[in-house]
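Note sheet for the following structure.
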Amino acid sequence: MKKHGENISFAVIVIILALVPLLLQFGAISGGSTVIFIGKCMAYAIVAIGIDLIWGYTGILSLGHGLYFALGAYGMAMYLKLVSTNGQITDFMHIGGLKELPFIWTLFDNLPMTLLFMILIPAVVAFIIGYFIFKNRVKGVYFSIISQALTWAFYSVFIALSPYTNGNVGITEIKSLFGSVKGDANRANMFMLFYVSLIVLILVYVVAKFLVSRKFGKILVAIRDGENRTYFSGYKVSMYKTFVYVLSAIIAAIAGAIFVNFNGSITPSEMTIEASIMMVIWVAVGGRGTIIGAVIGAFVINLCEYNLSSGNLVEIWQYIIGSVFCLTILFFKGGLVGLVREQIPALIAKFKSNNTKNKITKKPTVTKLNTKKGGLNHG
Amino acid sequence: MKKFMGVLTILSMVAFVGCNNESAESDTVKVGLLHSLTGSMAISEQSVRDAEVLAISEINANGGVLGKQIEYIEEDGASDPSTFATKAEKLIDSEDVATVFGCWTSSSRKAVKSIFEDYEGLLWYPVQYEGMEASDNIVYTGAAPNQQIVPAIEYLIEQGYEDFFLLGSDYVFPRTANMIINAQIEDAGLNIVGEEYAGMEQTDFAAIIAKIEAADPDVIINTLNGTGNVSFFKQISEKNYTADDYMTMSFSIAEEEVATIGADILEDHMVSWNYYQTTDTVQNNDFVAAYKDMFGANRVTSDPAEAAYDAVYLWKAAVEMAGSFEVDDVLAAIATGKVSFDAPEGIVTIDGDTQHLAKPVRIGEVKNDGLIYEIFATDAPVEPDPYLKNYNWAVEAGIQPIE
């Protein structure tokens, strides 16, 4: 039971998500907009899984995943925009003085090409960056700084190239792959999009779980906990790091593409450093180093934001989110998952031992916990 | 897969039954306020939000709309267009509000535009903007380009300015404004001696000031926004340049920005709006007094705040004409072109076709008390023309959107 706790929790989440559209149909949820928002949360959960792979498992803190999220989102948005303009140039290109569709846009004029380039472009960017950074054994905070700078650079380029990207307005007024998803008349489209996204979330979860439960995952953890030892044991650490970085970039891009379908617009604010750090916060609050933690964190933080940032709390909600994050870092290093898995059992054990006042003192409890943890690590 | 599709279809078909038609007869009507209350735009949007709250409380004190008190639901756009989109959807669809007053930046408006169209909601947008837009589901209570930019350039041309330097932040409003100004100046046979864009977060204007010195313009047309204005004017004043050396005409500096930048620095520079705190009408005296009374004596009113205040009253007028809160009925009332309000800036009327306001244009000059004083005003309200269809030079230059 305990061994499969993570998968069972995920199954529960999936079942709840699958029921959401039904709840809407039977009037238990007040409006389709809630379902659309939960759809966006699924996209956030997917990107969080990617960040967990690279941060939680491999120990590389990337503060620039908003970039890959946005690259995927822009790829999808360009296709969807061309669908709505029938392949003609857009208003912002016209204002920018362009007479015909720029080359980069022509890559996205049909769906198969879009799906390919939407993934290929972020993957290539991540590979180039990752390959050189990890080969030169840049680590820790230096990597985080580089990832931030890269995001900032791309952000500036997207703003500056406004005839091609529409600057900070971004690509707006687009429908989803299945047509409009807004309003009661388009519920069938919305449900379609919702369930397809749910399937993608499940697939990404399964792939991530598969990777980390194999030898590959152990090597990632080994890199995190002792990079030099892993290196001297004969593993090509930089190759593993590059692979994980590219993989998490691809996952982020997929998430971006799903997000834009629900959101109906994409702006460069999704690729800011701020947005990237938010993504890391989801993982930290949920519990890093557990795939389920990333999923839970993304949902919990975003649902809190959605409900707190209105009404009476409208001016202080950011302080609330901020304090939750600080408390997590200070007291619950394992995030929500760690709280449930380690801290609460530890408390119960402590309570029991105090209560019964048996010969079992605190010491054995601690050793017991330790062996449990060790057992997990060594598989 | 096929099975799955089948299940999906069934799921979708199962119950279109549960549509909730509970139009419970309550004595309040819900409206949404959607502005950035956190993030970089919060400073600007706060004043607009406050003006809307003032109008709502005044209307409630005088008996409400169609006998119902207005209850406002506030959402934070957090200076992020995607958040605006999410929150707009929440307000219209989940909260079921009668209408929404909101947005400031063009990017936030563009992000919510299709949402208001898809859900058939109604947005009141209170800020002057770049035009080239007329959504059926948005009422624009700020100025269109022909009610701010075009008359300001006309005024400058009349005053004998010949060499123009265009300076703006790098986003859609300055880019579109300068496209219009280029066409207009070219048509007048005058010169654009430079066109420069600064990044949104740019604080170092040395290079741009050097280019201005080299180009030696008669007047700088300034469409910088936000913090860029503070840095630019501080740096130009550090070189001891005043309005006598380089006159500027700004489109994004109102009373609030004057307070931030410093009245001594901006003294004698020109701006173009439809309303100033000093505008001399009875309605404005009341508005300024009520605003200061509610939010503090040190607060100033500005054009966007006034336009937001008008928006609430115009919605009330439209609802009362329609005798209903339903968006379709309200839009039908607006389409008559007879919805108007005796606003602080003068009488404003919603144009039935474009859903923009006919409003007076005022060129103003900043004085050292931090207020802006009118130096030129149009005799009558100017009809809105968001696409500049009635200007030959604009039509010839092909600046209308293609879609």
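Letters A, B, ... are given to chains in the order of the sequence lines, protein chains preceding strands, and every chain is numbered from 1. As the structure is a prediction and not an experimental result, all values here were calculated from the model.
When side chains are defined from C-beta on, Q128(B) does not count as touching Y140(B), because their heavy atoms never get closer than 4.5 Å. By the 4.5 Å heavy-atom criterion applied to side chains, L80(A) and S84(A) are not counted as neighbours. In this structure the side chain of K99(A) never reaches within 4.5 angstrom of the side chain of M93(A), judged on heavy atoms.
At a cut-off of 3.5 Å, with distance as the only test, a side-chain donor of N263(A) or K40(A) sits close to an acceptor on the other residue. Under 3.5 Å, the side chains of N182(B) and E186(B) contain no donor-acceptor pair of N or O atoms. Judged purely by distance below 3.5 Å, without hydrogens or angles, the side chains of E195(B) and Y197(B) pair a donor atom with an acceptor atom.
Of the two parts of I171(A), neither the backbone nor the side chain holds a non-hydrogen atom closer than 4.5 Å to a non-hydrogen atom of chain B. When heavy atoms are compared at a cutoff of 4.5 Å, T34(A) approaches chain B by way of both its backbone and its side chain. For chain A, the nearby part of A78(B) is the side chain; its heavy atoms alone come within less than 4.5 Å. Contacts between N307(A) and chain B at a heavy-atom distance below 4.5 Å involve backbone atoms as well as side-chain atoms. Of the two parts of K113(B), only the side chain, counted from C-beta on, holds a non-hydrogen atom closer than 4.5 Å to a non-hydrogen atom of chain A.
Using a 4.0 Å cut-off between charged nitrogen and carboxylate oxygen, E305(A) and K87(B) do not count as a salt-bridge pair.
Note: G32(A) leads S180(A), G264(A), G32(A) in heavy-atom pairs under 4.5 Å with chain B. Of the listed residues (F92(A), F262(A), Y306(A), F259(A)), the one with the most heavy-atom contacts under 4.5 Å to chain B is Y306(A). Counting heavy-atom pairs closer than 4.5 Å to chain B, the top residue among N168(A), I159(A), I174(A) is N168(A). Considering only heavy-atom pairs separated by less than 4.5 Å from chain A, the leading option among T86(B), L33(B), V172(B) is T86(B). For chain A, the option among E75(B), E95(B), K90(B) with the highest count of heavy-atom pairs below 4.5 Å is K90(B). Counting heavy-atom pairs closer than 4.5 Å to chain A, the top residue among D118(B), T176(B), I92(B) is D118(B). Per-residue heavy-atom pair counts under 4.5 Å with chain A were compared for E74(B), R109(B), E117(B), E89(B), and the maximum is reached by E89(B). In terms of heavy-atom pairs under 4.5 Å with chain A, the best-connected choice from A85(B), P81(B), S106(B) is P81(B).
Other residues, nucleotides and ligands place more than 12 heavy atoms under 6.0 Å from the CG atom of L23(A).
A distance of 8.0 Å separates OG1 of T223(B) from CD1 of I149(B), quoted to the nearest 0.5 Å.
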